[in-house]
Amino acid sequence: MTDRRSELEAALTAVRDRVDAAMRRAGRADDTTLVVVTKHFPASDIDLLADLGVTHVGENRAQEVADKIPAVTGRARLAVHFVGQLQTNKVGTVTGLVDVVQSVDRARLARALERAAARRGRAIDVTVQVSLDNDRARGGVDPEHARELADVVADCSGLRLCGVMAVAPLGEDARRAFARLKNLADAIREDHPDASWVSAGMSGDLESAIAEGATHLRVGSAILGSRPSQR
Ligand SMILES: *Cc1c(COP(=O)(O)O)cnc(C)c1O
């Protein structure tokens with residue numbers, strides 16, 4: 001068996017090199033935040049990643065958050081981002097364990113998070129997930145309703161509106177889709193100057209996302225390997 005730490009280290013270096021090269025090509029001197037999506041992989045991998053300097057990880061299922069995150073020893077040094085579809089009745093499971101919910105796509109979910117934040121006396125960072133195709137099954141609010149939802153989140157006490165998030169649509173050029181997301185992010189930022197995050201870009205399309213101004217990348221398989229469902 002190859003040593004998992006070395007394996008993760010090499011993959012992480014390769015992804016950071018891709019990010020640096022894309023930032024140079026885009027002429028960007030700012031920074032992007034790398035969120036390593038650890039879904040389907042054990043808490044021990046999260047510990048290794050934290051040890052290798054990773055400070056942001058992502059998970060997409062409430063149950064997995066509940067099972068894994070309390071077992072992560074370096075938790076204090078990590079920001080945990082929830083990036084999956086979240087049912088209102090699972091909000092209590094994840095709040096307290098995650099720092100950011102990137103996938104807020106309806107007012108009802110924002111209100112449920114607001115109540116959970118109040119119960120815990122702890123603020124939650126939120127991005128509005130935008131659907132860049134018309135496939136509601138993949139989550140996300142329609143672009144034409146995104147500003148309205150951003151206003152709702154901004155009005156919720158205990159929620160901090162950080163910006164927008166999206167997954168590139170299947171079967172469309174990712175860069176074109178991310179350009180639409182950036183326009184929407186800019187529009188929302190006119191009303192909410194602190195909402196500066198544009199979370200876009202995964203293992204296969206992080207270069208396109210960087211070219212279109214992404215501030216947060218969510219990278220899973222390029223670092224951890226293919227997930228069991230993909231093997
Ligand atoms: C799994 C996942 C990712 C990471 O995808 P990779 O292709 O493995 O990099 C990013 N964002 C979301 C919302 C995900 O569910």
Side-chain angles (χ1 to χ4, degrees), residues 7-8 10-19 22 32-43 45-46 48-49 52 54-65 67-69 78-87 90 94 97-106 109 113 125-133 135-141 143 146 162-175 177-178 181-182 185 197-212 214-231:
E7 197 172 271
L8 289 175
L12 199 54
T13 302
V15 166
R16 286 185 174 139
D17 288 347
R18 277 175 67 189
V19 171
T32 51
T33 300
L34 179 64
V35 180
V36 181
V37 181
T38 48
K39 63 189 185 202
H40 299 294
F41 289 93
D45 277 355
I46 302 182
L48 289 171
L49 288 165
L52 292 165
V54 167
T55 49
H56 295 261
V57 296
E59 287 288 339
N60 76 333
R61 286 181 53 237
Q63 192 53 52
E64 216 176 316
V65 168
D67 291 344
K68 271 160 55 177
I69 298 305
L78 280 176
V80 180
H81 297 239
F82 192 82
V83 301
Q85 286 179 267
L86 185 56
Q87 288 171 325
K90 294 288 168 58
V94 301
L97 293 172
V98 307
D99 304 282
V100 185
V101 178
Q102 290 206 8
S103 44
V104 172
D105 60 359
R106 56 202 190 279
L109 178 56
L113 287 166
D125 287 347
V126 163
T127 60
V128 166
Q129 183 180 352
V130 180
S131 170
L132 296 176
D133 47 27
D135 188 358
R136 290 284 305 166
R138 299 176 75 214
V141 64
C162 295
V164 296
M165 179 273 244
V167 177
L170 302 166
E172 187 197 342
D173 175 58
R175 189 158 169 183
F178 290 148
L181 180 68
K182 177 70 165 98
W197 299 11
V198 182
S199 174
M202 318 200 312
S203 294
D205 55 25
L206 66 89
E207 284 84 359
S208 300
I210 287 171
E212 296 300 336
T215 62
H216 289 64
L217 308 166
R218 308 177 312 271
V219 179
S221 49
I223 294 170
L224 289 130
S226 57
R227 292 179 284 277
S229 59
Q230 300 171 323
R231 279 179 193 142

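As the structure lists them, so they are numbered: ligands from 1, and atoms in each ligand from 1.
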* Side chains of Lys39 and Glu64 in contact at under 4.5 Å (non-hydrogen atoms) -> yes
* So, Thr38 side chain and Gly220 main chain: donor-acceptor pair closer than 3.5 Å or not? -> no
Show the atoms of ligand 1 that are less than 4.0 angstrom away from any heavy atom in [X].
X      : result
Val219 : 9 (O)
Arg218 : 4 (C), 9 (O), 10 (C), 11 (N), 12 (C), 13 (C)
Val83  : 12 (C), 13 (C)

* Going by distance only, is there an N or O of Gly220 that falls short of 3.5 Å from an N or O of ligand 1? -> yes
* Which atom of Ala168 lies closest to which atom of Asp205, heavy atoms considered ->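 For Ala168 and Asp205, the tightest heavy-atom pair comes out as CB-OD2, 3.4 Å.
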* Asked: Where's the contact between Lys39 and ligand 1, heavy-atom distance under 4.0 Å: side chain, backbone, both or neither?
  ->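 The answer is the side chain.
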* All salt bridge (charged side-chain N to carboxylate O under 4.0 Å, His left out) counterparts of Arg106, not counting sequence neighbours ->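 For Arg106, no residue satisfies salt bridge (charged side-chain N to carboxylate O under 4.0 Å, His left out) once neighbours in sequence are set aside.
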* Of Gln102, Glu59, Met165, which meets side-chain contact (heavy atoms from CB on, under 4.5 Å) against His81? ->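 The residue from Gln102, Glu59, Met165 that satisfies side-chain contact (heavy atoms from CB on, under 4.5 Å) with His81 turns out to be Gln102.
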